[in-house]
Amino acid sequence: MEHIELFFKSIFIDNMVFSVFLGMCSYLAVSKKVSTAVGLGAAVIFVLAITVPLNWLLDQYLLQPGALSWLGAEYADYDLSFLSFIMFIATIATMVQLVEIIVEKFSPSLYNSLGIFLPLIAVNCAILGGSLFMQSREIATLGLATTYGVGSGIGWFLAILAIAAIREKIRYSNVPPALRGLGITFIITGLMAIGFMSFGGMLTGGDEEEAPKETKTVTVKTAKENKEVLANNIKGIK
Amino acid sequence: MGLLSKKDAQLITDPLADNNPITIQVLGICSALAITAELKASLVMAISVIFVLGIGNVVISLMRNIIPSKIRIIVQLIVVAALVIIVDLVLKAFAYELSKTLSVFVGLIITNCIIMGRFEAFALGNGPWKSFLDGIGNALGYGVILIIVGFFRELFGSGTLFGIPVLGDPIAKTGLYAIGYENNGFMIMPPMALIVVGIIIWIQRTKNKALIED
């Protein structure tokens, strides 16, 4: 049950693009055509599904305060968490390189469709963001970490697919010249993000007890603000 | 600017407007949008990026002849990660509350495309002094947008600037609130950041027709 909950939460409520704005650079740069958007989206799902669990293991057995206790009691006081940025990014960069080599060797056709996107991914904030959110939200087990990685990847895939489809069609519309290209893409993404905010109540189902537990994270805060605004609006209507 | 030659000065001033990293080069959007609900957070983020990009550009530029091109991305990432760890530890030591607000976004400076973009496009091919100026210039261009967005979002969203109420007290109904003004809570939410940046792009391109895409 908690797997399903986390899965849907990471796709819709904490959507990488619409609620935390991660991976915006490649999201804006590669969304001109649906076919390339699908390629990059698939690569992101793939890499997130590998790196999040891997970084979970690193975090659990190397970086957290007291994580080294499996080496012996004298290591139990070590706290290496200040190294997490450098360890995570090194894992991601090497994994991306490894995946590239393996895919090139065993599946040239997949390499042809994914290959050019893989180097782009090492510097995609969604990938590092996935690992950092996994760490800051203290996800409990390896299985949940994998679910979180796959879910966030699918969320990102959905977002880039949607914007690419809209951008292909928007060519036929009469956009003010100064807004063409980048400007209108920003505004559309903003409107889509407003749309995605309506998923906010999906899992809690209006259950007020659930929300305050996780006020630590950025996105839950937005959900709370969301409620405040709704309350304000209702006040306005009254 | 007696200290800088004309060409050097251009390295700093160009990214402020006509070659702005956010509105023209489309780099480093993620953090620009996520943390601009408050002016203070935007300012700290801007300063952090100026530090990381300025120093990082110099380091990469000094090493440009000894980095093998195949593994350059990993080398660049390690350099940025080391600098970002410094920023993160300084923030945690001197501004703990603020570092909680910024949460993972300090870490995400590592993958901020502005930094990798400038390393690739400039620092790998130019000397340290020029790279330093380029880094500072681009980070300033980034910071300017961040501060503009932060200013409008905080002013209209919560009626404060740097946490100080400037439009009166919404509860006691003083200042603007006395005549029926309400805070627009929507401005604090993430989607409005996108729309504000969209509007900045719109205004900039209306003023400078050469930037319009087709």
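Treat the numbers as computed from the prediction; the structure is a model and nothing was measured. Below, all heavy atoms of this structure are taken into account, side chains as well, without hydrogens, waters or symmetry copies. Every chain is numbered from 1, with letters handed out A, B, ... down the list of sequences.
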Looking at every heavy atom in both [X] and [Y], which two are closest together, and how far apart are they?
{"X": "A/F186", "Y": "B/G198", "result": "CB-CA, 3.8 Å"}
{"X": "A/G190", "Y": "B/I195", "result": "CA-CG1, 4.1 Å"}
{"X": "A/I89", "Y": "B/A81", "result": "CG2-CB, 4.0 Å"}
{"X": "A/A193", "Y": "B/L194", "result": "CB-CD1, 4.5 Å"}

Reported OG-to-NZ distance for the pair A/S136 and B/K100, which is rounded to 0.5 angstrom:
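The OG atom of A/S136 sits 8.5 Å away from the NZ atom of B/K100.
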
Atom pair CH2 (B/W202) and CD1 (A/I184), whose distance is rounded to the nearest 0.5 Å
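With rounding to 0.5 Å, CH2 (B/W202) is 8.0 Å from CD1 (A/I184).
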
Part of A/Q135 within contact of chain B (heavy atom distance under 4.5 Å):
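For A/Q135, there is no contact with chain B at all, as no heavy atom is under 4.5 Å.
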
Quick check on A/L28 against chain B: is it the side chain, the backbone, both or neither that has a heavy atom closer than 4.5 Å?
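The side chain, not the backbone.
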
Would you sort out whether A/L128 and B/I110 count as a side-chain contact (heavy atoms from CB on, under 4.5 Å), showing the intermediate values?
CA-CA 9 Å; A/L128 182 63; B/I110 299 173; 4.0 Å; yes

Do [X] and [Y] come within less than 4.5 Å of each other through their side chains, counting heavy atoms only?
{"X": "A/L182", "Y": "B/R205", "answer": "yes"}
{"X": "A/I86", "Y": "B/I85", "answer": "yes"}
{"X": "B/D88", "Y": "A/F85", "answer": "yes"}

I'd like to verify something: which residue of A/L179, A/I92, A/L132, A/T94 has the highest number of heavy-atom pairs under 4.5 Å with chain B?
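Maximum pair count with chain B is reached by A/L179.
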
With a 4.5 angstrom heavy-atom cut-off, which part of B/I78 approaches chain A: side chain, backbone, both or neither?
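For B/I78, backbone and side chain are both near chain A.
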
